[in-house]
Amino acid sequence: MVLLTLMTIGQGLEIVTEHIAARFTMFLYSGVAGFFVGFAVKMVFLRQEVETVEYLYRSFWTEAAPTLIAILVIAFGLYRTGLVTFGPYTGIGITSGLSLLGFGLFGLTVRIVPEFRRKGILILDQLVPWEQVVSYKWESEDVIQIDYYTEDKKLTDFTTYIPTEDRLTIERLLGKKLKEYEQERKKMMDLHKGENG
């Protein structure tokens, strides 16, 4: 946005020609499109890697609303490219439309709530394998804190909302996974102590 603003100011002051400003803007839009499409593809592969969902809090606000917004962004992106109206086709129109399409695809692949999957927990775009999950505790009746080790072996946590009626389900799942990966977690923690000792 800063670069686009500077380009607009430069064009207004006649320091930058309209041709250069248009090419630069198209370049930025293409970069944004590539970033978001790449991120969306990464999330599709990551979801396949961690396999099936074992628990996911579903509600209108966590499932339908973000999906609807992403679809609207994709539709607007198609409109901006000129495909819907059969023209006019411009470089800026096409690249800005592609950036919106990429952002919409990104919105379809990222969830705003953690996904508890067979091989780990997906928190936005971050995978926490089950062997790195250390413990959990309830901060309130419907908010759970989960402690885990990061890739660089730092202990951290995240909190998330769990409806009261799903409390038993998530406790069973976490208890099962903590027990199932106990040996791997112990080896990882012993290795971490050895490196710091």
Side-chain angles (χ1 to χ4, degrees), residues 1 32 35-74 76 100 102-197:
M1 292 304 293
V32 168
F35 173 80
F36 283 119
V37 169
F39 199 91
V41 169
K42 172 194 165 192
M43 290 308 297
V44 168
F45 286 125
L46 189 57
R47 280 206 173 77
Q48 288 175 345
E49 181 186 324
V50 291
E51 298 178 5
T52 56
V53 174
E54 300 209 353
Y55 175 80
L56 175 64
Y57 168 57
R58 296 177 190 273
S59 75
F60 174 80
W61 298 111
T62 64
E63 194 92 3
T67 301
L68 185 61
I69 291 167
I71 289 169
L72 289 172
V73 170
I74 288 170
F76 187 60
L100 288 167
F103 186 68
L105 289 173
F106 162 78
L108 287 177
T109 59
V110 173
R111 298 206 187 268
I112 59 173
V113 293
E115 297 177 56
F116 296 83
R117 290 184 167 256
R118 197 171 86 72
K119 291 188 175 179
I121 305 170
L122 272 179
I123 310 163
L124 296 176
D125 67 325
Q126 177 188 0
L127 171 63
V128 179
W130 285 114
E131 54 267 24
Q132 290 176 221
V133 177
V134 178
S135 62
Y136 69 92
K137 69 177 180 182
W138 292 94
E139 290 203 341
S140 68
E141 196 169 309
D142 51 12
V143 175
I144 193 168
Q145 174 184 312
I146 297 177
D147 301 316
Y148 66 96
Y149 278 106
T150 60
E151 288 297 319
D152 55 351
K153 297 180 178 68
K154 291 183 180 162
L155 187 62
T156 189
D157 63 69
F158 73 92
T159 57
T160 189
Y161 172 81
I162 303 288
T164 309
E165 61 269 17
D166 291 349
R167 186 174 174 138
L168 187 58
T169 303
I170 199 71
E171 280 189 351
R172 283 181 180 158
L173 174 63
L174 289 171
K176 176 183 146 194
K177 293 296 184 181
L178 286 171
K179 188 173 182 181
E180 185 180 338
Y181 290 92
E182 187 174 5
Q183 293 303 317
E184 290 94 332
R185 187 170 39 262
K186 198 171 181 185
K187 283 178 192 171
M188 184 189 69
M189 290 170 77
D190 288 344
L191 186 67
H192 178 60
K193 283 178 188 172
E195 287 173 0
N196 291 340

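Along the sequence shown, the residues carry numbers beginning at 1.
A donor-acceptor contact shorter than 3.5 Å is absent between the side chain of Arg111 and the backbone of Thr62. Side chain of Arg185 to main chain of Leu178: a donor-acceptor pair is present (N/O by atom type, distance under 3.5 Å, no hydrogens or angles).
The side-chain hydrogen bond (donor to acceptor under 3.5 Å, both in side chains) search around Asp166 returns Tyr55, not counting sequence neighbours. Applying the side chain to side chain contact (heavy atoms under 4.5 Å, CB included) test to Ala65 and every residue at least two apart in sequence or in another chain returns Phe60, Trp61. Among residues two or more places apart in sequence or in another chain, the side chain to side chain contact (heavy atoms under 4.5 Å, CB included) test is passed with Thr52 by Arg118. Checked against salt bridge (charged side-chain N to carboxylate O under 4.0 Å, His left out), Lys119 has the following partners two or more places apart in sequence or in another chain: Glu51.
Across all non-hydrogen atoms, the minimal contact from Val110 to Leu124 is CG1-CD2, 4.0 Å. Considering every non-hydrogen atom in both Gly107 and Ala70, the closest pair reads C-CB, 3.9 Å.
The stretch residues 171-184 participates, sequence neighbours left out, in these side chain to side chain donor-acceptor pair (under 3.5 Å) pairs: Trp138-Glu171. For residues 37-50, the side chain to side chain donor-acceptor pair (under 3.5 Å) pairs, not counting sequence neighbours, are Arg47-Glu115.
Counted by atom type alone, Asp147 and Ser135 present one or more donor-acceptor pairs between their side chains at under 3.5 Å.
Counting non-hydrogen atoms of other residues, nucleotides and ligands closer than 6.0 Å to OH of Tyr148 gives a total above 12.
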